[in-house]
Amino acid sequence: MRNFVIVANWKLNGSINMISRFFEYLKFHSSIYLEKKTIIIAPPTIYLKEVNKNISNMNIFIGAQNVDINLKGSFTGETSVLMLQDIGVKYVIIGHSERRFLHNENNDTIAKKFFLIKKENLIPILCVGETEKDKKYGCTKQVIQEQLNCILKKSKKLVFKNAIIAYEPVWAIGTGLSADPEYVQLIHKFIKNHIEKHDFMNINDIIVQYGGSVNCSNIKKFLEQPDINGFLIGNASLSPQEFLKIIKITHDII
Ligand code: PGA
């Protein structure tokens, strides 16, 4: 069976009340659908524990949306990998375009986070993807290659084992304009080939998700593409009805 991982990226959304309603709905309607796939919820850091409380007895994991490059010390406002680990977080999203562009994170910073997360035995979800301008000028593959190489060049091999890559074309995020599934398939194949060549991983073990305006009306065509191993979902993951529908459709097709 194809590896498949669905991640809800709640970004700067949520509240205690929303979390309680979200999981009430999931508990009442889900059961078997949650068993078969890896489901991860990434709420704002302040709500990680609240979500963790709500997922007990469900096949759902918690993920963080970001982490600092330091483990401890005088870094006001930051959260470290050790703290995430301490409260039961298993996955950490890094390199999201909103952090790259709104918080000036570059490939080197993201690589530091990647290695720190791996060192502490958590699983990084590394976001890569081109801007609209990159796409227009035919630089998509080059940009993605650079985003991957900053990690590949610092390691001997198998660095992407126990890691997830999320291909998120920046122009498709939050716009309602998802990328063409066949285009996504080509890019995913490119990412897998590049990692196989430089990281010596078995191509079938490489996990590449797609993210960018995924919703329950457009996922069927993505699921038909053999190299899509999951979704990173923003807006559509905030509604338990829509999120569960995505999980059910995935469950029926894969
Ligand atoms: P979106 O966000 O589904 O709202 O486009 C995806 C993401 O940014 O991870």
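Just the heavy atoms: all of them, side chains too, but no hydrogens, waters or symmetry mates, feed the values below.
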Would a hydrophobic clustering, with Ile, Leu, Val, Met, Phe, Trp and Tyr connected at side-chain separations under 4.5 Å, put Ile117 with Leu82? yes

More than 12 heavy atoms from other groups under 6.0 Å of CD on Gln241: yes

Is there a side-chain contact (heavy atoms from CB on, under 4.5 Å) between Val184 and Ile228 once you walk through the steps? CA-CA 8 Å; Val184 173; Ile228 295 183; 3.6 Å; yes

Examine distances only and state if a side-chain atom of Asn9 and a backbone atom of Lys11 form a donor-acceptor pair shorter than 3.5 Å. yes

Can you measure from CD (Glu24) to OG (Ser20) and round to the nearest 0.5 angstrom? 5.0 Å

Carefully, step by step, assess Glu168 and His96 under the rule side chain to side chain donor-acceptor pair (under 3.5 Å). CA-CA 8 Å; Glu168 296 210 306; His96 192 284; 3.2 Å; yes

For the residue pair Leu126 and Ile164, establish whether any side-chain heavy-atom pair is separated by less than 4.5 Å. no

To the nearest 0.5 Å, how far apart are CD1 in Ile110 and CD in Gln147? 7.5 Å

Has Asn218 got a side-chain atom pairing as donor or acceptor with Ser213's backbone, closer than 3.5 angstrom? yes

Between CZ on residue Phe23 and OG on residue Ser56, distance to nearest 0.5 Å: 10.0 Å

Minimum heavy-atom distance between Gly129 and Tyr167, given as atom pair plus value: CA-CE1, 3.9 Å

Taking CG in Asn57 as the centre, count heavy atoms belonging to other residues, nucleotides or ligands within less than 6.0 Å. Is the count above 12? no

Return yes when atom CZ of Phe101 has more than 12 non-hydrogen atoms of other residues, nucleotides or ligands closer than 6.0 Å, and no otherwise. yes

Is there a side-chain contact (heavy atoms from CB on, under 4.5 Å) between Leu232 and Ile93 once you walk through the steps? CA-CA 10 Å; Leu232 179 52; Ile93 300 171; 4.1 Å; yes

Tell me which donor-acceptor pairs under 3.5 Å the side chains of residues 203-211 have, and how far apart each pair is, sequence neighbours excluded?
residue: Gln209; atom: NE2; partner: Val5; partner atom: O; Å: 2.9
residue: Gln209; atom: NE2; partner: Phe231; partner atom: O; Å: 3.3
residue: Tyr210; atom: OH; partner: Ala179; partner atom: N; Å: 3.0
residue: Tyr210; atom: OH; partner: Gly212; partner atom: O; Å: 2.7

Taking all atoms of both residues into account, what is the closest heavy-atom pair of Glu130 and Trp171, and its distance? OE2-NE1, 3.1 Å

Can you establish whether the number of heavy atoms outside Glu224 located under 6.0 Å from its atom CD is more than 12? yes

Keeping His29 on the side-chain end and Tyr25 on the backbone end, is there a donor-acceptor pair under 3.5 Å? yes

Pick one: which of Val89, Thr38, Ile55 meets side chain to side chain contact (heavy atoms under 4.5 Å, CB included) with Phe61? Thr38

Report the C-alpha separation of Lys27 and Met58 in whole Å, then their side-chain angles, then the decisive distance to 0.1 Å, and conclude whether the side-chain contact (heavy atoms from CB on, under 4.5 Å) test is met. CA-CA 8 Å; Lys27 276 177 194 147; Met58 296 176 95; 3.7 Å; yes

By the side chain to side chain donor-acceptor pair (under 3.5 Å) test, which pairs, at least two apart or in different chains, include something from residues 103-114? Asn66-Lys113, Arg99-Glu105, Arg100-Asn107, Glu105-Lys113, Asn106-Thr109

Between His194 and Leu152, does a side-chain contact (heavy atoms from CB on, under 4.5 Å) hold up when you go through it step by step? CA-CA 10 Å; His194 188 73; Leu152 289 168; 3.7 Å; yes

Shortest non-hydrogen pair, Ala64 vs Leu84, comes out as CB-CD1, 3.6 Å

Do any N or O atoms from the side chain of Asn215 and from the backbone of Ser217 form a donor-acceptor pair under 3.5 angstrom? yes

Phe200 ring centre to Lys161 NZ or CZ under 6.0 Å, with the angle to the axis within 45°? no

Within the distance-only criterion (no hydrogens, no angle test), does the side chain of Lys141 pair as donor or acceptor with the backbone N or O of Ile187 below 3.5 angstrom? no

With no hydrogens and no angle check, is any side-chain donor or acceptor of Gln85 less than 3.5 Å from a backbone partner on Glu120? yes

For the residue pair Val67 and Leu116, establish whether any side-chain heavy-atom pair is separated by less than 4.5 Å. no

Which donor-acceptor pairs under 3.5 Å do the side chains of residues 43-53 make with protein atoms, sequence neighbours left out?
residue: Glu50; atom: OE1; partner: Lys53; partner atom: NZ; Å: 3.2
residue: Asn52; atom: ND2; partner: Ile87; partner atom: O; Å: 3.1

Going from CZ on Phe114 to CD1 on Ile151, what distance comes out if it is rounded to the nearest 0.5 angstrom? 4.5 Å

Is Ile6 linked to Ile62 within one hydrophobic cluster, defined over Ile, Leu, Val, Met, Phe, Trp and Tyr using a side-chain heavy-atom separation of less than 4.5 Å? yes

Over all heavy atoms of both residues, which pair between Val159 and Ala163 is shortest? Give the atoms and the distance, please. O-CB, 4.2 Å

Indicate the atoms forming the closest heavy-atom contact of Lys220 with Ile253, along with that distance. CG-CD1, 3.9 Å

Can you tell me how far CG of Leu244 sits from CG of Leu26, rounded to the nearest 0.5 angstrom? 5.5 Å

With a 4.5 Å cut-off on side-chain heavy-atom distances among I, L, V, M, F, W and Y, is there a chain of contacts connecting Ile123 to Phe115? no

With a 3.5 Å cut-off and no angle check, do the side chains of Asp134 and Thr131 form a donor-acceptor pair? yes

Test item: Glu242 side-chain N/O and Cys216 main-chain N/O as donor-acceptor pair under 3.5 Å: yes

Identify, with sequence neighbours excluded, every residue that meets ring-ring contact (aromatic ring centres under 6.0 Å, His included) alongside Trp10. Phe22

Would Val170 end up clustered with Ile94 when hydrophobic side chains under 4.5 Å apart are linked, directly or stepwise? no

Taking side-chain hydrogen bond (donor to acceptor under 3.5 Å, both in side chains) as the test, write out the residues that go with Asn13, two or more places apart. none

Residue pair Leu148 / Ile191, side-chain heavy-atom distance below 4.5 Å: yes

If we only count heavy atoms from C-beta on, is the Ile173 to Ser97 side-chain gap below 4.5 Å? yes

How far apart are the closest heavy atoms of Ile246 and Ile219, and which atoms are they? O-CD1, 3.6 Å

Any side-chain heavy atom of Ser178 within less than 4.5 Å of one from Phe222? yes

Do Lys135 and Tyr183 come close enough that some side-chain heavy atom pair is under 4.5 Å? yes

Between the CG atom in Asp68 and the CZ atom in Phe75, the distance rounded to the nearest 0.5 Å is 6.5 Å

Indicate, with yes or no, if Phe243 and Ile125 share a hydrophobic cluster defined by side-chain heavy-atom contacts under 4.5 Å among Ile, Leu, Val, Met, Phe, Trp and Tyr. no

Counting only N and O atoms by type, is there a donor-acceptor contact under 3.5 Å from the side chain of Arg21 to the main-chain atoms of Pro240? no

Does anything in residues 227-238 pair up under side chain to side chain donor-acceptor pair (under 3.5 Å), and if so which pairs, sequence neighbours excluded? Gln185-Asp227, Lys192-Asp227, Lys192-Asn229

For the CG atom on Leu12, are there more than 12 heavy atoms of other groups (residues, nucleotides or ligands in this structure) within a distance under 6.0 Å? no

